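Comments concern the structure below.
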Amino acid sequence: MLTGRALSARAASLLLTLWLVSALVFLAGQVLPGDVARVMLGPFADAQAVAALNRQLGADQPVLVQYWRWFSAALGGDFGTSLSMRAPVAPFVLASLGRSAALAGIILLFLVPLGVGAGIVAGLNQGRLADRLIVLAGISFGIVPDFVSGLLLLLVFGLWLNWLPITGAAPDGAGPWTSGYYLILPALPLVLNLAGYLARMTRAGVIEALAADYTRTAILKGLDRRQVIIRHVLPNALTPTIAVLATQSGYMLGGLVVIEALFGIQGLGNLLLNAAKSRDFPMLEAGVLVMATIFVLSAAIGDLVQALLDPRQLRRASL
């Protein structure tokens, strides 16, 4: 049973981590080369005009004062004004995050049944042909970079066979089914790349659960093998897999820069890449903060689900 003390400790740790992330993101933006006012006014702007704009933006104030203003505004959803778009940052970040979330959803839709299912089959057939083939296929696909497999899949299924669209950007006004159809090809490289690792984690959990005392006890009591697997093996075997899925979900929501660029998806990773190229500091800081927050929350959700399945996980984390 999860105790209030353990949950409070985990929540306090989460809030502290998010605060540290926000401080690091802001400080990183401060040490980047370049001047906000100079970027906005251009390289040939008068020095007095640059200094005046810095005073107007508060960029000439102490770092702690600037951080508090930025942090308090960010808590209210105000990330400032984009230097390249000359518009509020928040709508661009939210729109990009929505596109990345749609892609992550399609990836998980294929990844979970494929990776977990293959891992269960491999674990239940340890040492047999099915186990060896699944492990070999997982390792083989896992070592291929996603941009390489993405290019190959694009050439085969998009250009040669013409089965799937070669872009991940659906036409304007497209419905959910059409939008999802356009994201299938961009999702496949990540599915192939991550399924092997997920299968190996699931396989290891199944093998460990099969050798556990509670499984032997259930078998000695005369329970049917299928009941033993469903009631005792799988609930315990899938606990570590949940942490992997949570971590990978955070990565899918902001770390797919290459895939988004390859298939023309204006997601969060692509937004950060363009912000870095244009020295758009407010956009870059907001995007990195949102991405880091997603990673932290994903890990926390994974820990919580693990604790629900095995409360010892949360108690150990709170010590």
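If you're wondering where the values come from, they're calculated on a predicted model, not measured in any experiment. Quick note: numbers below take in every heavy atom, side chains included, and nothing from hydrogens, waters or symmetry partners.
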Only counting residues at least two apart or in another chain, list the ones meeting side chain to side chain donor-acceptor pair (under 3.5 Å) with [X].
X      : value
Ser96  : none
Asp131 : Arg203
Trp68  : none
Thr17  : none

Residue pairs passing the side-chain hydrogen bond (donor to acceptor under 3.5 Å, both in side chains) test where at least one lies in residues 144-167, sequence neighbours excluded: none

Residue pairs, two or more places apart or on separate chains, that pass side-chain hydrogen bond (donor to acceptor under 3.5 Å, both in side chains) and touch residues 108-125: Asn125-Arg128

Derivation and outcome, side chain to side chain contact (heavy atoms under 4.5 Å, CB included), residues Leu153 and Leu164: CA-CA 10 Å; Leu153 291 170; Leu164 295 168; over 6 Å; no

Does any non-hydrogen side-chain atom of [Y] lie less than 4.5 Å from one of [X]?
X      : Y      : result
Met283 : Val93  : yes
Pro91  : Pro88  : yes
Leu94  : Val290 : no
Leu210 : Gln126 : no
Pro186 : Ile265 : yes
Phe147 : Ile259 : no

Please determine whether residues [X] and [Y] belong to a single hydrophobic cluster, defined as Ile, Leu, Val, Met, Phe, Trp and Tyr linked transitively by side-chain heavy-atom distances below 4.5 Å.
X      : Y      : result
Leu75  : Val288 : yes
Ile139 : Ile134 : no
Ile230 : Leu124 : no
Leu245 : Val191 : yes
Leu136 : Val121 : no

Connected hydrophobic set around Leu15, excluding itself, where side chains approach under 4.5 Å: none

Co-members of Leu133 in a cluster of I, L, V, M, F, W and Y side chains, linked at under 4.5 Å: Leu129

Straight-line distance of [X] [atom1] to [Y] [atom2], nearest 0.5 Å:
X      : Y      : atom1 : atom2 : result
Ile184 : Phe157 : CD1   : CZ    : 11.5 Å
Leu268 : Phe92  : CG    : CZ    : 14.0 Å
Leu161 : Leu155 : CG    : CG    : 11.0 Å
Leu183 : Arg99  : CG    : CZ    : 11.0 Å

Qualifying ring pair (Phe, Tyr, Trp, His ring centres under 6.0 Å) pairs, either residue in residues 166-198, two or more places apart: none

Trace of the side chain to side chain contact (heavy atoms under 4.5 Å, CB included) decision for Glu260 with Leu273: CA-CA 10 Å; Glu260 289 180 355; Leu273 178 62; over 6 Å; no

For residues [X] and [Y], report the shortest heavy-atom separation together with the two atoms involved.
X      : Y      : result
Ser140 : Ile143 : O-CG1, 3.2 Å
Asn193 : Val144 : ND2-O, 3.0 Å
Trp70  : Ser22  : CZ3-O, 3.5 Å
Phe263 : Leu154 : CE2-CD1, 3.6 Å
Ala118 : Ala199 : CB-CB, 4.2 Å
Gly269 : Ser100 : N-OG, 4.4 Å

Residue pairs, two or more places apart or on separate chains, that pass salt bridge (charged side-chain N to carboxylate O under 4.0 Å, His left out) and touch residues 187-196: none

Under 3.5 Å, side-chain donor or acceptor atoms of residues 103-117 against the rest of the protein: list the pairs with distances, not counting sequence neighbours.
none

Thr293: side-chain contact (heavy atoms from CB on, under 4.5 Å) partners, not counting sequence neighbours: Leu18, Leu289, Leu297

Evaluation steps, side chain to side chain contact (heavy atoms under 4.5 Å, CB included), between Leu198 and Thr241: CA-CA 7 Å; Leu198 188 63; Thr241 305; 3.2 Å; yes

Residue pair Leu271, Gln266: steps toward the side chain to side chain contact (heavy atoms under 4.5 Å, CB included) verdict: CA-CA 7 Å; Leu271 180 75; Gln266 299 302 316; over 6 Å; no

Atom CG of Leu159 with >12 non-hydrogen neighbours under 6.0 angstrom: yes

